[in-house]
Amino acid sequence: MPIHNADVATVFEEVADLLDLQGANPFRIRAYRNAARTLSQLSEPVAEMIRDGRDLSELPDIGDDLAEKIEVIVQTGTLPLLEELEKEVDPAMTELMDVPGLGPSRVRTLHDELGISSRAELTKAAEEGKVRTIKGFGEKSEQNILKGLKDIGEEKRWLLSRADPVVHSLKAYLEDHEAVEKVDVAGSYRRRKETVGDLDLLVLSDDGVAVSNHFVEYEDVVDVASKGDTRSTVRLRSDIQVDLRVVPPDSYGAALLYFTGSKAHNVALRNRAVNKGMKINEYGVFRVNGEEERIGGETEEGIYGLFDLPYIVPELRENRGELEAAQGGHLPNLITLDDLRGNLHAHTTDSDGQDSIQAMAEAAKERGLEYLAITDHSPAVAVAQGLDSDELRRQMDAIDELNEMMVGVRVLKSIEVDIMKDGSLDLPDDVLDELDLCVCSVHTSLGLSEKEQTERILRAMDNPNFHILAHPTGRRLNQRGPIDVDLDRIMEAAVERGCFLELNAQPQRLDLNDVYCKRAKELGLKISIGADAHARDELDFLKYGIDQARRGWLEPGDVLNTMSWNEIKPLIDARR
DNA sequence: GCCGTTTTCGGCCCGACTGTTTTCAGTCG
């Protein structure tokens, strides 16, 4: 079984958790966590790097020791150190560290004093009032633990699309206050991550007390977790946590940078500061020789400038090479929504969409798109009333008629054809041949082994009517994980055969993810950003696709549908 | 355990807030 980067990262995270519980050297623990992060964000598979004889210790935060441990994990699937640690520390205890308010120290105390090593045991002890008897814990801690235990079961990250309306109304409410000069939403929201865990609001104001008071009085606030002059935290009725920071003008840029993150980006930037005899925190940038001298902090641009770096957009701030790229002057010229010239994934009332072909085409035209592929389902998706050959041919005729009538947008004849379990396509080749292009996807047999799933898709790709692989991993955020598939093999095969992969822009899919988008770019594989719209307004999902594409370093030239149809058509025909 | 254009040893980001203290440890981001 191939070992993926994520598998190695998981082993290192488990090691770090167990070392944490042992009270080991915190820097050693951090080293394992840093390495896990490097691995989970690395776009190239380490197994492949090992096979190619590459030196893993050249990766950031990987030294000789961890490079060797990675090789062991790739070869054996496990690590002797982890097995040792699991004998010394009850691994069940790690689940206690996820309880808000509990870190390794307090978990250890709970274990040593009350013999607690699971959430169930902790719940029981807290309910019986035993936790408050331990030194360092009190009644309040006990209540918070019970609350944390309750919340943890319901913890979900929010889709970006669900956070958007919440952000807009809260922002408007804050901006309405006279002491507020400016409001920015920082954090993963600003980095346009596919999901956000909480919202980080930054307010420019000289009156922190007034702003904080106004903030906690917002009508949707149901719980005030903390409240101070510069920082407050609340929970909204919709169960999202909002952190507010009030910042004066001269440190606004520093605060925006700091609270936008990512943490990894900030740490990397800070290390650069230290090496240059400077210090950077949320208040500004300081020169530290003898006494501190403030040298910047008003704007993000100014701060990057102090490190001789150009401005780095929030979407890239993940410490995945953006600082090095900025330094070398080769930051990507990221794609924007305006670069898209068409959309190659849309449904109509002919299958499970809500609008007619014409309505969808007009909506595409209104959004400035030059072409729109109609990709209704094939028969295998019975619940969606997928089209059989005859129905598809009738739809093709309707599209021909529409194209004669409509000006300014071209409707393409297409299909979202199912990839069957055996790797065949769900419609015969003679009808697929008549289409402008085919979008292919997996909707069934999601539970196949990685080998079976990969070979199934590769077999489908052998068909010359296979052009775009839609939502390649099938994941649904907060609902189900990706199918087991060797995407690296799929992507390499797609490059060889002249196929493309989709970045499905539905907010709950956003599939491919950012890391694989970057991998595709490195392989020279073009991505189609597809709205997968089931209604007119869902063409606006494209903006979420663009967000994800930018996080994946994609430039206009990396994306198929920044090309005109006349440029794309020969690429499709070359397969046939 | 990683890292280095002042270092191969001795650093490792750091400040706000809470709860339990009575000057601070732990957690969080």
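Lettering follows sequence order; numbering is per chain, from 1.
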Asks: Could you state the interatomic distance from CG (A:Leu42) to CZ (A:Arg320), rounded to the nearest 0.5 Å?
Replies: 10.5 Å
Asks: Does a side-chain N or O from A:Arg28 land closer than 4.0 Å to OP1 or OP2 of B:dG1, or not?
Replies: yes
Asks: For B:dT27, which nucleotide is its Watson-Crick or G-U wobble mate, given both distances must be under 3.5 Å?
Replies: B:dA16
Asks: For A:Tyr283 and for A:Glu142, find the nucleotide of DNA chain B with the closest heavy atom, then tell me which residue's nucleotide is more 5'.
Replies: A:Tyr283
Asks: Of A:Ser105 and A:Tyr258, whose closest DNA chain B nucleotide lies nearer the 5' terminus?
Replies: A:Ser105
Asks: Is there a side-chain polar atom (N or O) of A:Thr230 under 4.0 Å from OP1 or OP2 of B:dC17?
Replies: yes
Asks: With a non-hydrogen cut-off below 4.0 angstrom, is A:Leu102 in contact with a base, only sugar-phosphate, or nothing?
Replies: sugar-phosphate
Asks: Give a yes/no on whether any side-chain N or O of A:Lys263 is located under 4.0 angstrom from OP1 or OP2 of B:dG29.
Replies: no
Asks: When we call it a touch if two heavy atoms are under 4.0 Å apart, what does A:Arg270 touch: a base, just sugar-phosphate, or nothing?
Replies: base
Asks: Just the rounded figure in Å: distance from P of B:dT18 to CD1 of A:Ile145.
Replies: 17 Å
Asks: Give me the distance, rounded to whole Å, that separates B:dA25 from B:dG10 when you measure between the P atoms they each carry.
Replies: 26 Å
Asks: Mind calculating the distance between CG (A:Asn271) and P (B:dC12) to the nearest angstrom?
Replies: 10 Å
Asks: Verify the contact: side-chain N or O of A:Lys276 to OP1 or OP2 of B:dT5, cut-off strictly under 4.0 Å; return yes or no.
Replies: no
Asks: What heavy-atom pair brings A:Tyr258 and A:Asn281 nearest, and what distance separates the two atoms?
Replies: CD1-C, 4.4 Å
Asks: Ignoring hydrogens and angles, tell me if any N or O in the side chain of A:Ser205 forms a donor-acceptor pair with the backbone of A:Glu181 under 3.5 Å.
Replies: no
Asks: Has A:Ser141 got a side-chain N or O lying under 4.0 Å from the OP1 or OP2 atom of B:dT20?
Replies: yes
Asks: At under 4.0 Å between heavy atoms, what does A:Asn25 touch on the DNA or RNA strands: base, sugar-phosphate, or nothing?
Replies: base
Asks: Verify the contact: side-chain N or O of A:Lys227 to OP1 or OP2 of B:dA16, cut-off strictly under 4.0 Å; return yes or no.
Replies: no
Asks: Whole Å only: how far is the CZ atom of A:Arg132 from the P atom of B:dG19?
Replies: 15 Å
Asks: Would you indicate whether A:Glu178, at its atom CD, is surrounded by more than 12 heavy atoms from other residues, nucleotides or ligands within a distance under 6.0 Å?
Replies: no
